[in-house]
Visitor: 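One structure, pasted below without further comment.
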Amino acid sequence: WGNSFDRAGGRTLLRRAVPAGMISIRIQKLTKRFGLVTALHDLDLTIEPGELFFLLGPSGCGKTTLLRSLAGFYFPEEGTIFFGGDDVTRLAPHKRNTGMMFQSYALWPHMTVAENVAFGLEERKVARDELKRRVGEALESVRMGSYAERKPNQLSGGQQQRVALARALVVRPRCLLLDEPLSNLDAKLRLEMRAEIRRVCKEFALTTVYVTHDQKEALSVSDRMAILDGGCIRQVGTAREVYRRPACKLVANFIGETDFLEGKVVSAERGGAVVETALGRFHGVLGDLTRVPTAGARVTLSVRPECWTLSRETPERNGVKGRIGACVYLGETAQYDFVAAGGGQTLKIFELNPRFTEQADRGEWFASAAPEDVVVLTE
Ligand code: ATP
């Protein structure tokens with residue numbers, strides 16, 4: 001970003017410009033090995049210009065390795081990384097012009113806030129006046145303008161994190177790489193800072209790659225996300241796509257909670273399937289539209305706990321007969337263990353605005369789910 005001068009109607013306007021080179025990040029056939037361990041396996045991914053993109057997945061899936069490969073701390077054995085049109089695969093970190101904010105990137109305690117932010121510019125030998133102006137701007141952009149002369153130990157955790165963000169932004173990066181940037185903060189600050197990070201990324205139109213273990217962080221602020229497993233990407237999509245239409249069991253299990261039902265396909269067509277399970281016959285939608293199962297194929301159904309509806313009457317379809325076992329009342333929601341008739345399986349059911357908790361242990365109930373909430377998974 002930066003201040004640029006526009007001529008408009010004879011007046012010179014000072015405006016904060018979008019970075020000249022808003023870039024895409026293209027990763028092609030990337031493989032990274034550590035000895036016998038393949039941390040990234042033939043990985044393809046394109047992150048669009050200005051996108052806030054999250055990397056998620058179980059521990060050891062390769063998130064940090066991918067982020068560090070983008071930063072230039074690791075060189076891959078195979079494959080290519082493009083920042084816009086530039087091949088940066090073998091470029092040293094300081095030549096990539098990325099802004100970085102890592103969990104362990106502490107501020108220097110002996111320097112003031114302004115000095116901490118200025119450091120990257122001094123290394124780049126930016127002239128004094130410009131340096132001062134840019135530090136001021138970066139601090140303003142994270143609402144820390146009035147803290148320039150403080151030392152880090154005179155700041156709260158959230159304020160320190162804002163300074164770290166200003167430090168990443170001040171070098172006018174082409175993209176921002178964030179590795180668990182909020183994991184040291186308490187829950188309230190995390191909420192505040194995740195909104196702040198999104199605001200800053202969008203204001204400066206920065207292509208941003210963000211690694212986190214916190215699903216809520218990813219669901220709430222991402223444009224899109226990738227779920228990795230064993231060095232491979234299992235699904236890429238928006239929060240809604242990944243949550244509502246997981247492509248495989250791993251993703252369904254990793255993001256949010258879910259009930260799995262095993263079954264056999266009766267018929268499948270046009271994005272949906274009818275599946276026979278031990279709890280009855282279900283109509284559902286395919287998680288992966290490119291893989292239509294054949295009749296007789298073994299599949300798994302994924303139903304989110306909040307997608308079940310409890311009733312006393314037999315539902316038209318997609319119903320399971322049973323009784324309500326344990327019930328936890330949480331005010332705005334209740335969580336039930338629903339024991340399916342026959343005792344074969346217990347389903348987890350969440351009810352928003354709970355009405356049934358008092359009658360929970362009495363008699364026969366039905367749980368049902370709409371076909372669009374039943375996702376048929378082939379792997
Ligand atoms: P976490 O969520 O636990 O931080 P991650 O998804 O970031 O995990 P990575 O740190 O990228 O996972 O690790 C991917 C795989 O590569 C793991 O099997 C890990 O043990 C291995 N690995 C990572 N760094 C090294 C290294 N420097 N030397 C050897 N193996 C490594």
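Atoms within a ligand are numbered from 1 in the order they appear, just like the ligands themselves. The shown structure was predicted, so the numbers you read here are calculated from the model rather than taken from an experiment.
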Visitor: For ligand 1, is H213 a contact, meaning one of its heavy atoms is under 4.0 Å away?
Guide: yes

Visitor: Taking the inter-plane angle between the rings of W108 and F119 on a 0 to 90° scale, is it parallel (under 30°), tilted (30 to 60°) or perpendicular (over 60°)?
Guide: tilted

Visitor: So which protein heavy atom does atom 16 (O) of ligand 1 come closest to, and at what separation?
Guide: A39 CB, 3.4 Å

Visitor: Work out which heavy atom in F75 is nearest to a heavy atom in T89; give both atom names and the distance.
Guide: CD2-O, 3.5 Å

Visitor: Starting from atom 5 (P) of ligand 1, what is the nearest protein heavy atom, named by residue and atom, and what distance separates them?
Guide: G60 N, 3.6 Å

Visitor: Identify the closest protein heavy atom to atom 4 (O) of ligand 1: which residue and atom is it, and at what distance?
Guide: T64 OG1, 3.9 Å

Visitor: Which residue holds the protein heavy atom closest to atom 3 (O) of ligand 1, what is that atom called, and what is the gap in Å?
Guide: S59 OG, 2.6 Å

Visitor: Report the member of L228, L36, T65, D229 with the shortest heavy-atom distance to atom 13 (O) of ligand 1.
Guide: T65

Visitor: Among the heavy atoms of G57, does any lie under 4.0 Å from an atom of ligand 1?
Guide: no

Visitor: Examine R312 relative to F366 and say whether NZ or CZ is less than 6.0 Å from the centre of the six-membered ring and inside a 45° cone about the ring axis.
Guide: no

Visitor: Can a side-chain donor-acceptor contact be found between T290 and D288 if the only test is distance below 3.5 angstrom?
Guide: yes

Visitor: Using protein heavy atoms only, decide if any is under 4.0 Å from atom 19 (C) of ligand 1.
Guide: no

Visitor: Whether K202 and D223 form a salt bridge (side-chain N of Lys/Arg under 4.0 Å from carboxylate O of Asp/Glu) is what I want to check.
Guide: yes

Visitor: Pull out every atom of ligand 1 sitting under 4.0 Å from any heavy atom of V37, numbered as shown with elements.
Guide: 16 (O), 18 (O)

Visitor: Can you spot which of K32, R90, K29 makes a salt bridge (Lys or Arg N to Asp or Glu O under 4.0 Å) with E77?
Guide: K32

Visitor: Which heavy-atom pair separates E257 from F350 by the least distance, and what is that distance?
Guide: OE2-CZ, 3.7 Å

Visitor: Got the closest protein heavy atom to atom 23 (C) of ligand 1, with its distance?
Guide: F34 CE1, 3.5 Å

